[in-house]
Amino acid sequence: MLRYEAHTDASPDTVWALLACPTRWSSWAPHMRGAWGLGWPQVREGAMGAVRLFGVVPVPARISRVNPGESWAWQVGLVTIDHLVEPLADGRGTVVAVAIDAPGPLEAVVARTYGPIVQGLLERLAEVALETEAAGG
């Protein structure tokens, strides 16, 4: 399993809202230009739909698990992607993480190709969460 993470001083609630609300994904993941059928206002366990990448490519996905405020996972083809919000023990910030599970050789390909992108997206999400709190929203 692969794991990528970023730290933010933003609260877990703010991070969760950005991570679990499909309508807010484009604020930190500009390649995600829409989603449908995955739940509203937040992802919903068992929902099947798609996310639109780069405004053109629809990628089918199924929300396989949701633990509100903590984590959610989706299945995209053979790959399971877990999205995690972990409050820091001292109450001063949050770790936002993505864990990717893919079969055998596919995991190595994901690590080399998508892994660096995921790391950058998490760092962007951490920044947007802090900016969101600073703006009062």
Side-chain angles (χ1 to χ4, degrees):
M1 183 173 299
L2 306 169
R3 181 179 163 106
Y4 305 91
E5 61 183 49
H7 171 266
T8 181
D9 288 335
S11 72
D13 289 343
T14 299
V15 174
W16 176 257
L18 290 165
L19 190 63
C21 298
T23 58
R24 298 184 77 182
W25 291 344
S26 64
S27 70
W28 56 270
H31 68 293
M32 298 178 109
R33 304 276 175 83
W36 61 94
L38 300 175
W40 187 90
Q42 296 185 357
V43 292
R44 182 180 47 80
E45 189 169 322
M48 294 181 66
V51 62
R52 185 170 304 281
L53 301 180
F54 305 107
V56 179
V57 182
V59 177
R62 180 180 64 81
I63 306 299
S64 55
R65 179 181 44 75
V66 177
N67 294 320
E70 297 176 7
S71 65
W72 67 271
W74 63 0
Q75 189 74 33
V76 180
L78 299 173
V79 180
T80 300
I81 304 173
D82 283 299
H83 305 75
L84 306 128
V85 175
E86 301 169 344
L88 294 177
D90 63 5
R92 301 185 69 178
T94 307
V95 172
V96 58
V98 168
I100 302 173
D101 189 21
L106 181 56
E107 189 169 278
V109 171
V110 169
R112 284 192 310 276
T113 59
Y114 191 52
I117 294 168
V118 169
Q119 185 61 50
L121 291 171
L122 289 173
E123 290 168 9
R124 177 69 184 138
L125 188 151
E127 291 171 9
V128 170
L130 201 52
E131 292 166 3
T132 299
E133 284 191 352

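These values consider heavy atoms only, across backbone and side chains, with no hydrogens, waters or symmetry-generated copies.
Closest heavy-atom contact between Val15 and Ala129: CG2-CB, 3.9 Å. Across all non-hydrogen atoms, the minimal contact from Gly37 to Ala47 is O-CB, 3.3 Å. Nearest approach of Ala73 to His83, heavy atoms of both residues: CA-ND1, 4.5 Å. Of all non-hydrogen atoms in Leu125 and Leu18, the two that sit nearest each other are O-CD1, 4.3 Å. Residues Ala111 and Pro116 come closest through the heavy atom pair O-CD, 3.4 Å.
Ring geometry for Trp25 versus Trp74: interplanar angle over 60°, hence perpendicular rather than tilted (30 to 60°).
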*asked:* For Leu121 and Gln119: C-alpha separation, side-chain torsions, deciding distance, then whether side chain to side chain contact (heavy atoms under 4.5 Å, CB included) applies.
replied: CA-CA 5 Å; Leu121 291 171; Gln119 185 61 50; over 6 Å; no
*Val85/Thr94 under side chain to side chain contact (heavy atoms under 4.5 Å, CB included): CA gap, chis, key distance, verdict*: CA-CA 7 Å; Val85 175; Thr94 307; 3.6 Å; yes
*asked:* Under the criterion side-chain hydrogen bond (donor to acceptor under 3.5 Å, both in side chains), I'd like the reasoning laid out for Gln75 against Thr80: C-alpha separation, chi angles, the key distance, then a yes or no.
replied: CA-CA 5 Å; Gln75 189 74 33; Thr80 300; 2.6 Å; yes
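Inspection of the Glu127 and Thr8 side chains reveals no N or O donor paired with an N or O acceptor under 3.5 Å.
Ser27 OG to Glu131 CD: the interatomic distance, rounded to the nearest 0.5 Å, is 9.5 Å. If you take CG on Leu130 and CG on Asp9, they are separated by 6.0 Å, rounding to the nearest 0.5 Å.
The closest side-chain heavy-atom distance from Leu2 to Tyr114 is not below 4.5 Å. Within the 4.5 Å cutoff, the side chain of Trp28 has no heavy atoms near those of the Leu122 side chain. Counting only heavy atoms from C-beta outward, the side chains of Val109 and Glu107 never approach each other to under 4.5 Å. Put simply, the side chain of Val79 does not reach to within 4.5 Å of the side chain of Asp101, judged on heavy atoms. Two residues are said to be in side-chain contact when any heavy atoms from C-beta on lie closer than 4.5 Å; Asn67 and Trp72 fail this criterion. Under the 4.5 Å side-chain criterion, counting only non-hydrogen atoms from C-beta, Val66 is in contact with Pro68. Residues Pro22 and Val43 meet the side-chain proximity criterion, which asks for heavy atoms closer than 4.5 Å. In this structure the side chain of Leu88 reaches within 4.5 angstrom of the side chain of His7, judged on heavy atoms.
Under a 3.5 Å cut-off, the side chain of Ser11 and the backbone N or O of Thr14 do form a donor-acceptor pair. Of the possible polar contacts, none joining the His31 side chain to the Leu53 backbone as a donor-acceptor pair under 3.5 Å is found.
A salt bridge (charged side-chain N to carboxylate O under 4.0 Å, His left out) check over residues 57-80, counting only residues at least two apart or in different chains, returns the pairs Arg65-Asp82. Within the structure, the side chain to side chain donor-acceptor pair (under 3.5 Å) test picks out the following pairs touching residues 35-51 (sequence neighbours left out): Trp16-Gln42.
Cluster membership check: Val95 does not share its hydrophobic cluster with Leu84, using side-chain heavy-atom separations under 4.5 Å among Ile, Leu, Val, Met, Phe, Trp and Tyr. If you chain together hydrophobic residues whose side chains sit under 4.5 Å apart, Val57 and Met48 never meet in one group. Hydrophobic clustering places Phe54 together with Val59 (ILVMFWY residues linked when any side-chain heavy atoms are closer than 4.5 Å, directly or through intermediates).
Taking the charged nitrogens against the carboxylate oxygens, Glu86 and Arg3 do have a contact shorter than 4.0 Å, which makes a salt bridge.
Remark: Pro105 pairs with no residue by the side-chain contact (heavy atoms from CB on, under 4.5 Å) rule, at least two apart or across chains.
Other residues, nucleotides and ligands contribute at most 12 non-hydrogen atoms within 6.0 Å of the CG atom of Leu78.
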